[in-house]
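Everything quoted here is computed from the prediction, not taken from an experiment. Naming: A, B, ... by sequence-line order, numbering from 1 per chain.
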2 protein chains.
Amino acid sequence: MRNREETFKKILETAYIMFADKGFDKTSLSMIASEVGISKPAIYYYFKSKDELIEYLFDEICKEIELGNTFDYSDMTKTNLKHKLLAIGYQSIDEQKSDVHFNKIFNQYMLLASRDEKYMTRLLDIQAGYLKSYHDLFSYAVEIGAISDTNIETKAHMLAMVIDNIGNFMLTGSKLDYKGIWKEAIESVLREQPL
Amino acid sequence: MRNREETFKKILETAYIMFADKGFDKTSLSMIASEVGISKPAIYYYFKSKDELIEYLFDEICKEIELGNTFDYSDMTKTNLKHKLLAIGYQSIDEQKSDVHFNKIFNQYMLLASRDEKYMTRLLDIQAGYLKSYHDLFSYAVEIGAISDTNIETKAHMLAMVIDNIGNFMLTGSKLDYKGIWKEAIESVLREQPL
DNA sequence: GTCTATATTTTGATAGAC
DNA sequence: GTCTATCAAAATATAGAC
């Protein structure tokens, strides 16, 4: 016997994992119910349709991303910029390892978005915020004189592309030197153009 | 009235587009048949199941990728290396624009792969070949003395990450300066470390 | 809140005529 | 080769009892 809140949470957690592992379409409400330990109609007490469950999960994931979408660079200095950037990527890589489900389910929402504007607008927002967080960091680095201000937006986008795709590659199980790749990306970007 | 070969081809083309647009699960054989202009059972004359159709399409796509997975750098010189690299990325970006379906369907196979080893092994092969093609190009550049040989594998992987993810970002419809990002990636990588 | 029972729809797939 | 007719399975969703 569980109360409303506990069951609700359990459904969300179970759906998150099963949707990630098997995909939205290959995960039926019966399967989720069975895994949660309730009957299928019980799910309809909490969500009025499967699509609503999928959408609710999407909202939760979006909120969590938006929370972690900014960097703390209050203690950034001319000398520790490179260290800061390295740490950002390394942390992202480590997080990837600890939550294997996130990227799988997120990629499914990306596909959903290409067919449903409701998802698309939200994802574009997140993407823009994601790119902006790198740009803001570089702007600050320029402000404190840590780097020159040439092409900082493009550089920021380039780094975002690298770390984002590292996540995709990790999903496939390829054993590459991801931290090395990130380090190379940072060092490349920070190398100043010789005149 | 069509002959066997024509109908077969039409089914494949139609399935490719519909699977990309709506997804494997949301595209039924009835819908494909209707679009092709035949009845659903007619499809079973050519493919013994929906899964087989999906798999056949996968094989075709893989073959095509493998064909375009190598670069021609026979005419590479010390002075045109940067131009060569730029051209490779620009071409990839332009191709992306002309075939909007490719990345959509390919991402679905990536998800399939995470649940089916048959797809995974093939995709890992392709991925490895993809990364290797960049590595080989850099090795050749070292050979002809166009660049130093420090970290060339990592650099190659970094570039591959960038151009590959540009494709993903383009899929979302984000209007970024993709060619600028690629140019920045190339210039960053080619900048030699000051001693 | 959760259940059993059931309605409804759709899908993948087959049988068999032409 | 393609069709009509049909099957069996599975899914979403609802009704109504407890």
Side-chain angles (χ1 to χ4, degrees), chain A residues 1-60 104-105 108-109 111-112 115-116 118-119, chain B residues 1-60 104-105 108-109 111-112 115-116 118-119:
Chain A
M1 224 52 160
R2 272 190 292 258
N3 62 27
R4 178 163 21 183
E5 206 181 339
E6 275 171 354
T7 308
F8 183 73
K9 233 177 135 180
K10 189 81 189 290
I11 292 172
L12 284 176
E13 286 166 3
T14 306
Y16 178 79
I17 292 172
M18 294 188 81
F19 281 151
D21 281 340
K22 303 172 69 66
F24 293 137
D25 295 284
K26 293 276 189 298
T27 305
S28 72
L29 293 182
S30 311
M31 297 163 71
I32 294 173
S34 157
E35 190 74 18
V36 172
I38 57 178
S39 71
K40 178 167 60 173
I43 295 183
Y44 284 88
Y45 174 79
Y46 297 94
F47 301 94
K48 75 170 194 282
S49 71
K50 183 183 182 180
D51 281 344
E52 205 191 74
L53 169 57
I54 292 176
E55 212 179 317
Y56 189 95
L57 224 39
F58 178 66
D59 277 346
E60 284 230 314
K104 271 194 194 177
I105 204 168
Q108 288 179 76
Y109 282 116
L111 282 170
L112 253 187
R115 290 165 230 136
D116 188 330
K118 180 177 56 199
Y119 287 97
Chain B
M1 224 51 157
R2 271 189 294 258
N3 63 26
R4 179 164 18 184
E5 205 181 341
E6 276 171 353
T7 308
F8 184 73
K9 231 177 138 180
K10 188 80 188 292
I11 292 173
L12 283 175
E13 285 166 3
T14 307
Y16 177 79
I17 292 172
M18 295 187 81
F19 281 152
D21 282 339
K22 305 171 69 65
F24 293 137
D25 294 284
K26 293 276 189 299
T27 305
S28 71
L29 292 182
S30 311
M31 297 162 70
I32 295 173
S34 158
E35 191 74 18
V36 171
I38 56 177
S39 70
K40 179 167 63 170
I43 295 183
Y44 284 89
Y45 174 78
Y46 297 94
F47 300 95
K48 76 168 195 281
S49 71
K50 185 182 181 181
D51 282 344
E52 204 190 75
L53 169 56
I54 292 175
E55 210 179 317
Y56 189 94
L57 224 39
F58 178 67
D59 276 346
E60 283 230 315
K104 273 193 194 178
I105 204 169
Q108 289 179 74
Y109 282 116
L111 283 171
L112 253 186
R115 290 166 230 137
D116 188 331
K118 180 178 54 200
Y119 288 98

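- With sequence neighbours excluded, no residue forms a side chain to side chain donor-acceptor pair (under 3.5 Å) with B/Lys40.
- In plain terms, the two heavy atoms of A/Thr27 and A/Lys22 that are nearest each other are OG1-CB, 3.4 Å.
- For an aromatic pair to be called close, the ring centres must be under 6.0 Å apart, and A/Tyr56 with A/Tyr46 fails this.
- Aromatic ring centroids of B/Tyr109 and B/Phe24 lie under 6.0 Å apart.
- For A/Phe24 and D/dA11, the CZ to C1' distance is 17 Å, given to the nearest whole Å.
- Applying the side chain to side chain donor-acceptor pair (under 3.5 Å) rule to B/Glu52 yields the partners B/Lys48; only residues at least two apart in sequence or on another chain are considered.
- Contact annotation: B/Ser28 reaches the phosphate of C/dT11 (side-chain N/O to OP1 or OP2, under 4.0 Å).
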Can you list the steps and then say if B/Leu57 with B/Phe47 is a side chain to side chain contact (heavy atoms under 4.5 Å, CB included)? CA-CA 11 Å; B/Leu57 224 39; B/Phe47 300 95; over 6 Å; no
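- The CG atom of A/Asn3 sits 8 Å away from the P atom of C/dG1 (whole-angstrom rounding).
- One can place CD of A/Glu5 at 15 Å from C1' of C/dG1, the figure rounded to the nearest angstrom.
- Contacts of residues 29-54 of chain B with DNA chain C (heavy atom under 4.0 Å): B/Leu29, B/Lys40, B/Pro41, B/Tyr44, B/Ser49, B/Lys50.
- In this structure, NZ of B/Lys26 is placed 12 Å from P of C/dG12, rounded to the nearest angstrom.
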